[in-house]
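First up is the structure itself, then whatever we jot down about it.
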Amino acid sequence: MELFFIIYIINLYIRINQMKILITGSSGFIGNLFLKSALKNGYHITDILRDKNTKKKELIQLRKIYSKSYKSIFYKKFEDINKKLKNKKFDYFINFATHYRNSHSNNEIPSFIESNIIFPSIILDTILVKIKKIINFGTMMQHIDGRNYIPQNFYASTKSAFEMILGYFVQRNRNTKFYNLKFYESYSEIDRRKKLIPTLYKNFKKNKTTKIITKNLELNIIHTNDLIKSIYLILNKNIKSGDYCLKNQKNIKIKRLIRSINDKSPRPIKVKFLSNKPIKPQKSFLKSLPKWKADI
């Protein structure tokens, strides 16, 4: 039994070491967390970034620590991407790149289209024939009825547009498996995004009041560790291509969460609820990712 386990670990290490993964969005929140986790676990990662990220200290430090397993490709114009990628081989492509706003102004439309559609499309057009699996992250905001492609905002509509383009690329190479992973909300202990959970935490530290749209707000939130676990599952298991929803089994009722914390805290979280309107995520009719569940 011990010998079998040792052989399994050796084979797993060899397989991981042979994996060549290209990722986008490593300067963003979730992409950056995956980058650090994957490098720590022995994966070989190349990220592709705009020139403005060449002096990003955190990424420079990671390239020094993981000099044999972490490389970066920088581009100034979209025309540079094909030149810098066409002679390189990758086994997997993970698209974390996203330009997100819950609403938009007219002059922001090019940014949404460039980040969420043009950038990953150019990459796939260049590297597709060599890729075994594509993992693309979307959002449940693409499905405000839980099922159909009815977008909640312009951001979600660009994510759906890229999925249609991804479908075209998949038809071009039937040997490539693809996965569109969608979730409602994510969180982490080091989260600094302008979302409800980190905002509550930030305002608590400053003893400020947080305004919340309604006292009957429910959210479906998954921890970023569980999200990253879904990626490893796809990389290492034979899972059928398709669209999947990553969700917690239960929604979090914000009022109840705050009350349970305040019952145990020497100082309360200060909140002001603006209405009694019930708001909760639409039920998802997308399949759950096989062999995955939210543990945290």
Side-chain angles (χ1 to χ4, degrees), residues 9 12-13 15-49 56 58-59 61-63 65-66 69-72 90-98 100 120 123 131-141 159 177-193 195 197-198 201 219-250 252 284 286-296:
I9 293 297
L12 181 63
Y13 177 77
R15 190 166 77 247
I16 287 172
N17 247 302
Q18 290 174 340
M19 284 186 183
K20 293 184 179 179
I21 304 172
L22 177 68
I23 70 172
T24 61
S26 60
S27 60
F29 181 66
I30 295 173
N32 188 259
L33 289 176
F34 172 76
L35 172 66
K36 292 173 184 174
S37 173
L39 292 172
K40 195 179 291 184
N41 283 287
Y43 289 81
H44 284 247
I45 306 291
T46 300
D47 56 10
I48 180 161
L49 299 151
K56 198 157 188 174
E58 183 186 41
L59 298 181
Q61 187 64 23
L62 283 173
R63 282 193 292 273
I65 296 170
Y66 300 99
S69 57
Y70 175 36
K71 308 293 180 188
S72 291
F90 302 101
D91 302 301
Y92 305 96
F93 172 54
I94 307 175
N95 181 36
F96 294 104
T98 189
Y100 169 75
I123 291 172
I131 294 295
K132 296 174 184 174
K133 295 180 181 179
I134 299 165
I135 302 174
N136 176 57
F137 278 93
T139 170
M140 285 306 297
M141 285 187 279
K159 282 293 186 179
K177 290 189 170 184
F178 75 94
Y179 308 88
N180 289 311
L181 301 182
K182 301 172 188 183
F183 55 95
Y184 294 95
E185 296 278 353
S186 63
Y187 77 101
S188 163
E189 291 81 357
I190 59 170
D191 205 333
R192 298 292 180 269
R193 294 172 295 174
K195 296 189 176 236
I197 300 299
Y201 180 63
L219 298 176
N220 192 287
I221 313 179
I222 59 171
H223 195 282
T224 49
N225 287 357
D226 281 329
L227 196 154
I228 289 169
K229 183 177 67 176
S230 73
I231 301 172
Y232 292 140
L233 187 64
I234 290 170
L235 292 176
N236 293 294
K237 299 291 182 181
N238 184 21
I239 294 175
K240 187 179 179 180
S241 293
D243 298 348
Y244 296 103
C245 181
L246 306 176
K247 62 181 178 180
N248 235 309
Q249 291 181 330
K250 291 184 179 180
I252 290 176
S284 169
L286 295 178
K287 295 174 290 187
S288 296
L289 183 67
K291 304 176 185 178
W292 177 93
K293 69 172 184 175
D295 290 323
I296 302 173

- Query: Got Tyr92 and Ile23 here, is their nearest side-chain heavy-atom distance under 4.5 Å?
  - Reply: no
- Query: What pairs with Lys177 under salt bridge (charged side-chain N to carboxylate O under 4.0 Å, His left out), at least two apart in sequence or on another chain?
  - Reply: none
- Query: Counting only N and O atoms by type, is there a donor-acceptor contact under 3.5 Å from the side chain of Asp47 to the main-chain atoms of Gly25?
  - Reply: no
- Separation between NZ (Lys247) and CG (Asn220), nearest 0.5 Å, reads 7.5 Å
- Query: Looking only at heavy atoms, what is the nearest atom pair of Pro290 and Tyr244, with distance?
  - Reply: CD-CE2, 3.5 Å
- Message: Test side-chain contact (heavy atoms from CB on, under 4.5 Å) on Leu22 and Ile94; report intermediate values, then the result.
- Response: CA-CA 6 Å; Leu22 177 68; Ile94 307 175; over 6 Å; no
- Note on the structure: Interatomic distance, CD1@Ile252 vs OH@Tyr187, rounded to 0.5 Å, equals 6.5 Å
- Query: Which distance, rounded to the nearest 0.5 Å, do you find between the OG of Ser188 and the CD1 of Ile228?
  - Reply: 8.5 Å
Using distance only, find each side-chain donor-acceptor pair of residues 29-38 under 3.5 Å and give its atom names and separation, not counting sequence neighbours.
| from | atom 1 | to | atom 2 | distance (Å) |
| --- | --- | --- | --- | --- |
| Asn32 | OD1 | Lys36 | NZ | 3.1 |
| Asn32 | ND2 | Ser26 | O | 3.0 |
| Asn32 | ND2 | Glu58 | OE1 | 3.3 |
| Lys36 | NZ | Glu58 | OE2 | 2.4 |
| Ser37 | OG | Tyr232 | OH | 2.5 |

- Query: Quick one: which of Leu227, Thr24, Thr98, Asn95 gives a side chain to side chain contact (heavy atoms under 4.5 Å, CB included) with Phe137?
  - Reply: Leu227
- With a 4.5 Å limit on heavy-atom distance, are the side chains of Ile21 and Asp91 in contact? no
- Compare every heavy atom of Leu39 with every heavy atom of Tyr66, then report the nearest pair and how far apart it is. CE2-O, 3.5 Å
- Task: Would you check if Lys182 and Leu246 make a side-chain contact, meaning some heavy-atom pair closer than 4.5 Å?
- Result: no
- Query: Should Lys195 and Glu185 be marked as a side-chain contact (heavy atoms from CB on, under 4.5 Å) after you check the CA-CA gap, both sets of side-chain angles, and the distance that decides it?
  - Reply: CA-CA 9 Å; Lys195 296 189 176 236; Glu185 296 278 353; 3.5 Å; yes
- Message: So Leu49 and Leu59, do their side chains get closer than 4.5 Å, heavy atoms only?
- Response: yes
- Tell me, do His44 and Ser69 make a side-chain contact under 4.5 Å, heavy atoms counted? yes
- Supply the atom-to-atom distance Leu181 CG to Leu286 CG, rounded to the nearest 0.5 angstrom. 10.5 Å
- Message: Quick check: do Asn136 and Tyr179 have side-chain heavy atoms less than 4.5 Å from each other?
- Response: no
- Between Lys20 and Tyr70, is NZ or CZ placed under 6.0 angstrom from the six-membered ring centre and within 45° of the ring axis? no
- Task: Indicate yes or no: at least one non-hydrogen side-chain atom of Tyr184 is less than 4.5 angstrom from one of Cys245.
- Result: yes
- Here the gap from Asn248 atom CG to Phe183 atom CZ, rounded to the nearest 0.5 Å, amounts to 12.5 Å
- Excluding sequence neighbours, so at least two apart, what forms salt bridge (charged side-chain N to carboxylate O under 4.0 Å, His left out) with Lys293? none
- Item | NZ on Lys133 to CD1 on Ile234, rounded to 0.5 Å | 7.5 Å
- Item | Where Ser230 and Leu289 come nearest, the two heavy atoms and their spacing | CB-CD2, 3.6 Å
- Would you please name every residue forming a salt bridge (charged side-chain N to carboxylate O under 4.0 Å, His left out) with Arg193, sequence neighbours left out? Asp191
- Task: Output all residues satisfying salt bridge (charged side-chain N to carboxylate O under 4.0 Å, His left out) with Asp243, sequence neighbours left out; order by chain, then residue number.
- Result: none
- Note on the structure: Sequence neighbours excluded, the answer for side-chain hydrogen bond (donor to acceptor under 3.5 Å, both in side chains) partners of Glu189 is His223
- Task: May I ask you to test the Lys229-Asp295 pair for a side-chain heavy-atom distance under 4.5 Å?
- Result: yes
